[in-house]
> 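My questions will all concern the structure given below.
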Number of protein chains: 2
Amino acid sequence: MGGEDALLPVEPVFLKSLRDHVYSLVRDAIVSGRLKGGEKLNERQLASQLGISTTPLKEALRVLEAEGLVRSEPRRGIYVTFNAAQAEEMMLARAAIESMIARQAAKRVNEDQIARMRALLVEMRAGLETVDVLQLIALNERFHNVIHEASGCDYLRRLQSGQNIYNHTARLSVLSEERERFLAVEEHEAIASAIAAREPDLAERLMRDHVIRSGEKHLVRVSQAGN
Amino acid sequence: MGGEDALLPVEPVFLKSLRDHVYSLVRDAIVSGRLKGGEKLNERQLASQLGISTTPLKEALRVLEAEGLVRSEPRRGIYVTFNAAQAEEMMLARAAIESMIARQAAKRVNEDQIARMRALLVEMRAGLETVDVLQLIALNERFHNVIHEASGCDYLRRLQSGQNIYNHTARLSVLSEERERFLAVEEHEAIASAIAAREPDLAERLMRDHVIRSGEKHLVRVSQAGN
DNA sequence: ACCTGAAATCTGATATATCAAGCTGGAAAT
DNA sequence: ATTTCCAGCTTGATATATCAGATTTCAGGT
């Protein structure tokens with residue numbers, strides 16, 4: 001590739017384009033705190049460290065700027081703009097969007113989707129006892145996916161996914177608490193009931209409260225970890 | 001600049017970077033309907049039409065992709081993904097985020113900000129009678145800005161601004177209706193009262209309903225215009 | 001006519017070169 | 001010693017060249 005040695009954690013696997021690879025890499029470095037807020041990024045240096053040219057890096061940085069994780073001052077430089085306050089706001093954004101999705105889902109859900117939500121809730125209840133956290137995470141995701149599908153809101157879904165800042169490890173850490181697992185299932189059951197009853201206002205409120213409550217849990221976790 | 005003639009509507013003014021200029025240009029072309037949904041974009045052709053190289057264009061397209069206005073299929077091409085359904089979802093996104101901002105504002109607003117909201121409302125009432133639509137638009141923006149400031153949510157504010165698809169002309173068109181002007185002021189007064197009373201739930205609901213109602217108005221306008 | 005596949009071509013992805021704005025350090029003036 | 005200012009350097013912005021995947025075209029076979 002370039003003239004320099006690639007310093008990537010792993011050799012740049014060509015699973016996807018370089019720019020997407022780099023985007024994920026830098027984004028994760030920012031939200032996980034390895035790149036601190038306020039830090040300046042040098043395009044050439046970073047590119048050569050990654051063993052790539054500046055072109056795909058610039059594109060990745062543009063996307064991160066659009067997401068509000070870095071800020072570019074023309075002819076000056078690129079600075080990481082991410083801190084605890086923004087992490088909290090991203091959680092609030094997720095709550096706002098996810099609850100709007102739940103609202104739409106309550107208007108448009110069909111019987112098949114209701115059945116699938118209920119089936120997933122039964123599995124979650126079972127998962128509570130076997131304490132299979134990995135399975136619970138997967139079930140949670142599938143549950144939210146059914147709601148997303150019911151809402152028919154592709155754009156909101158996409159916008160929502162951009163507000164995620166917690167990786168698998170963080171999720172695992174939070175759901176390792178007995179009480180959190182229990183609460184999550186309870187809240188999911190209430191949300192499913194509201195959607196099944198076609199009550200948009202209730203579904204929206206329950207979803208918002210759920211995302212904010214569990215989000216706060218994540219926030220204190222990572223601030224405690226301090227990485 | 002490039003070897004070709006610049007085909008930009010106006011010669012590329014260097015008010016800001018080319019990529020920002022091009023970004024605005026292409027974004028406006030998409031949301032205004034000059035670039036139809038599904039249409040394929042050829043990077044080189046578009047770049048030469050604009051009289052620029054592909055580098056800043058690629059960056060602009062990356063941002064548009066992050067916003068969900070175009071979709072890039074690796075090694076295949078870039079396609080415009082925007083239609084009436086997405087326009088409606090962007091309006092819903094704006095409602096979701098703006099109402100979350102109003103919620104936060106109701107928690108954090110101070111007396112000075114309340115006073116400024118009320119002063120603006122008085123001006124709006126006056127503007128109703130003089131039918132100065134331009135001034136009303138400006139006042140509306142300032143009113144929302146006070147709420148944004150009261151919320152203290154910079155990230156949400158930024159995210160919100162990304163959901164705007166209506167230009168000045170569209171706003172002017174909607175507020176040219178007598179009834180719409182009246183409704184808007186009424187709703188703004190209710191929202192201000194809820195925030196001043198520190199009632200987050202009420203403020204959120206009123207703001208959501210306001211954005212959705214006036215948003216639907218915009219949507220039918222542009223679909224009627226069909227440009 | 002229809003299928004097959006390899007060459008030609010198109011085009012996005014990546015790399016490299018060039019341009020110009022902003023920073024820095026030190027020399028010169030006060 | 002302090003300030004000013006210009007030269008050189010740094011670095012983001014832009015342009016251009018190269019690479020490689022995907023599509024198209026068309027010759028050759030059935």
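In the text below, chain A, chain B and the rest are named by the order of the sequence lines, each starting its count at 1.
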> So does A/Arg62 get a side-chain nitrogen or oxygen closer than 4.0 Å to the phosphate oxygens (OP1/OP2) of D/dG12?
no
> Give a yes/no on whether any side-chain N or O of A/Arg76 is located under 4.0 angstrom from OP1 or OP2 of C/dC23.
yes
> In whole angstroms, how far is the C1' atom of D/dA15 from the CD1 atom of B/Ile52?
11 Å
> Please work out whether the ring planes of A/His188 and A/His144 are parallel, tilted or perpendicular, with thresholds of 30° and 60°.
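Perpendicular: the ring planes of A/His188 and A/His144 meet at over 60°.
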> Give the rounded distance in Å between these two atoms: CZ of A/Arg75 and C1' of D/dC9.
15 Å
> Would you kindly compare A/Gly77 and A/Thr55 by the position of their nearest DNA chain D nucleotide and give the one closer to the 5′ end?
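Looking at the nearest nucleotide for each, A/Gly77 comes out on the 5' side.
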> For A/Ser53 and C/dA15, is the shortest distance between a side-chain N/O and OP1 or OP2 below 4.0 Å?
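Checking A/Ser53 against C/dA15: at least one side-chain N or O falls below 4.0 Å of OP1 or OP2.
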> Determine whether A/Val174 and A/Tyr166 make a side-chain contact, defined as any pair of heavy atoms from C-beta on separated by less than 4.5 Å.
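Side chain of A/Val174 against side chain of A/Tyr166, heavy atoms only: no contact under 4.5 Å found.
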> Find the distance A/Leu57:CG to C/dT14:C1' and express it as a whole number of Å.
12 Å
> Dump the intermediate steps for side chain to side chain donor-acceptor pair (under 3.5 Å) on A/Ser72 and B/Arg19, then the final yes or no.
CA-CA 12 Å; A/Ser72 160; B/Arg19 65 158 185 259; 3.1 Å; yes
> Let me spell it out: for each of B/Lys40 and A/Thr54, pick the nucleotide of DNA chain C with the closest heavy atom. Which residue's pick is nearer the 5' end?
B/Lys40
> Without decimals, in angstroms, what is the distance between B/Leu50 CG and D/dA15 C1'?
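These atoms are roughly 15 Å apart.
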> Go through A/Arg171 and A/Val133 one step at a time and tell me if the side-chain contact (heavy atoms from CB on, under 4.5 Å) criterion holds.
CA-CA 9 Å; A/Arg171 264 180 269 277; A/Val133 178; over 6 Å; no
> Check the distance between D/dT10's C1' and A/Arg44's CZ and give it to me in whole angstrom.
8 Å
> I want to check one thing: is the phosphate of C/dA13, taken as OP1 and OP2, less than 4.0 Å away from some side-chain N or O of A/Arg19?
yes
> Expressed in angstrom and rounded to an integer, what is the separation of B/Leu46 atom CG from C/dG12 atom P?
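Atom-to-atom, B/Leu46 to C/dG12, this comes out as 10 Å.
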> Round to the nearest Å and state the distance from B/Tyr79 atom OH to C/dT11 atom C1'.
11 Å
> Test for a donor-acceptor pair under 3.5 Å between the base of D/dA13 and the side chain of B/Ser17, counting only N and O atoms.
no
> At 4.0 Å (heavy atoms only), tell me whether B/Leu41 reaches a base, stays on the sugar-phosphate, or touches nothing.
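Result for B/Leu41 = sugar-phosphate.
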> Quick check for you: to the nearest 0.5 Å, what is the distance between A/Ile212 atom CD1 and A/Glu88 atom CD?
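The distance works out to 9.0 Å.
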> Between B/Asn42 and C/dG12, is there a side-chain N or O to OP1/OP2 distance below 4.0 Å?
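True: B/Asn42 side-chain N/O within range (under 4.0 Å) of C/dG12 OP1/OP2.
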> Phosphate oxygens OP1/OP2 of C/dG12: is one of them under 4.0 Å from a side-chain N or O of B/Lys58?
no
> Provide, to the nearest angstrom, the distance between the CD atom belonging to B/Glu43 and the P atom belonging to D/dG21.
17 Å
